[in-house]
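Remember, it's 1-based here, ligands and their atoms both numbered in the order they're listed. All residue numbers in this chain count up from 1 along the given sequence. Just so it is clear, the structure is predicted and the values come from calculations on it, not from any experiment.
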Amino acid sequence: MFGLQQEYDKYTEEDFLVWKLLFQRQRVLLQNMASNEFIEGMDEMQFNEDKIPDFKYVNEVLAKSTGWQIEVVPGLIPDKDFFELLANKKFPSSTWLRKLEQLDYLEEPDMFHDCFAHMPLLAEQFFVDYLQELSKIALRYIDDALAIELIGRIYWFTVEFGLIQQQNGMRIYGAGILSSSGESIFCLSEKANRKSFNVKEIMEMHYYKDHYQDRYYVINTYKDLFDAIPDIDKLMEHALKIIPHDKTINATPLDFKL
Ligand code: HBI
Ligand code: FE
């Protein structure tokens with residue numbers, strides 16, 4: 001689709017330093033905050049502070065586990081391209097790293113977010129099956145902005161900001177949290193509002209891009225995500241019948257009146 005490659009030998013000293021600093025900051029945090037499957041995936045992909053991951057190796061690991069592959073993209077891509085890649089078991093990733101002065105915040109996801117935070121979980125079968133099915137639903141409604149907003153909310157509160165209750169405690173699997181040291185600490189603190197995974201509720205409310213989430217949704221297993229696909233499908237049909245399409249979705253909560 002984009003025909004781009006990761007040009008590994010172009011990474012600079014600063015790139016390696018940025019990777020090291022971001023990795024060190026998150027690794028120490030995530031040891032007992034990230035989900036077990038995320039830690040396992042990181043180890044399988046041999047992510048470490050001294051080496052910017054080489055997508056060739058990540059693709060070998062994925063080929064042996066879920067069969068997904070990484071597709072190099074320049075940055076944020078149109079929804080249609082994005083969902084088409086996911087529907088074909090390809091995960092889009094940038095290959096550039098933020099600058100030292102952007103260590104704490106940058107508006108567009110860089111490779112640290114796309115690679116460090118997203119890739120380890122691509123080795124988890126139920127998670128990627130969910131991602132693929134959700135993308136197929138999105139492609140069915142790709143020309144309907146309202147539908148893509150609703151799907152975007154589901155994506156946001158699972159793939160980017162999802163939490164999972166595991167035997168050894170409440171853990172993070174959402175990439176938007178895993179690449180943010182502040183939100184990793186906040187989302188597991190008593191200040192955070194953690195609720196059980198509920199697709200209707202997620203679809204009815206907007207989300208914030210510029211500050212910590214005012215709610216997090218908790219699953220018990222990744223299979224919960226995959227099992228929710230039929231509900232998401234039905235809710236999409238229902239919502240798109242009852243919400244007037246001229247209504248640009250804004251901060252007012254919707255009521256699906258089920
Ligand atoms: N493009 N490269 C890239 N990465 C994303 O996470 C991404 C995107 N385009 C659209 C998008 N995410 C969001 O609109 C999703 O919620 C669909
Ligand atoms: Fe992301």
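In this structure, Glu201 pairs ionically with Lys195, as a charged nitrogen and a carboxylate oxygen lie closer than 4.0 Å. Residues Lys56 and Glu60 are not paired through a salt bridge, judged by the lack of any N-O separation under 4.0 Å between the basic side chain and the carboxylate. The existence of a salt bridge linking Asp104 and Arg25 is confirmed by a sub-4.0 Å separation between a basic side-chain nitrogen and an acidic carboxylate oxygen. With salt bridges taken as basic N to acidic carboxylate O contacts below 4.0 Å, none links Glu237 and Lys234.
Between Glu160 and His118, some side-chain heavy-atom pair lies under the 4.5 Å cut-off.
Seen from the Fe ion (ligand 2), atom NE2 of His118 and atom OE2 of Glu160 lie 100° apart in angle, a value rounded to 10°.
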Exercise for review: I would like to know whether Gln125 and Tyr130 meet side chain to side chain donor-acceptor pair (under 3.5 Å); could you show each step before the answer?
Suggested key: CA-CA 9 Å; Gln125 196 61 52; Tyr130 158 74; over 6 Å; no
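Protein residues having at least one heavy atom under 4.0 Å from any atom of ligand 1 are Val73, Gly75, Leu76, Ile77, Asp79, Phe82, Phe83, Tyr155, listed by chain and number.
At a cut-off of 2.8 Å, Asp114 is not counted among the residues with an N, O or S atom near the Fe ion (ligand 2).
Checked by atom type, the side-chain pair Asn36/Asn168 shows a donor-acceptor distance below 3.5 Å.
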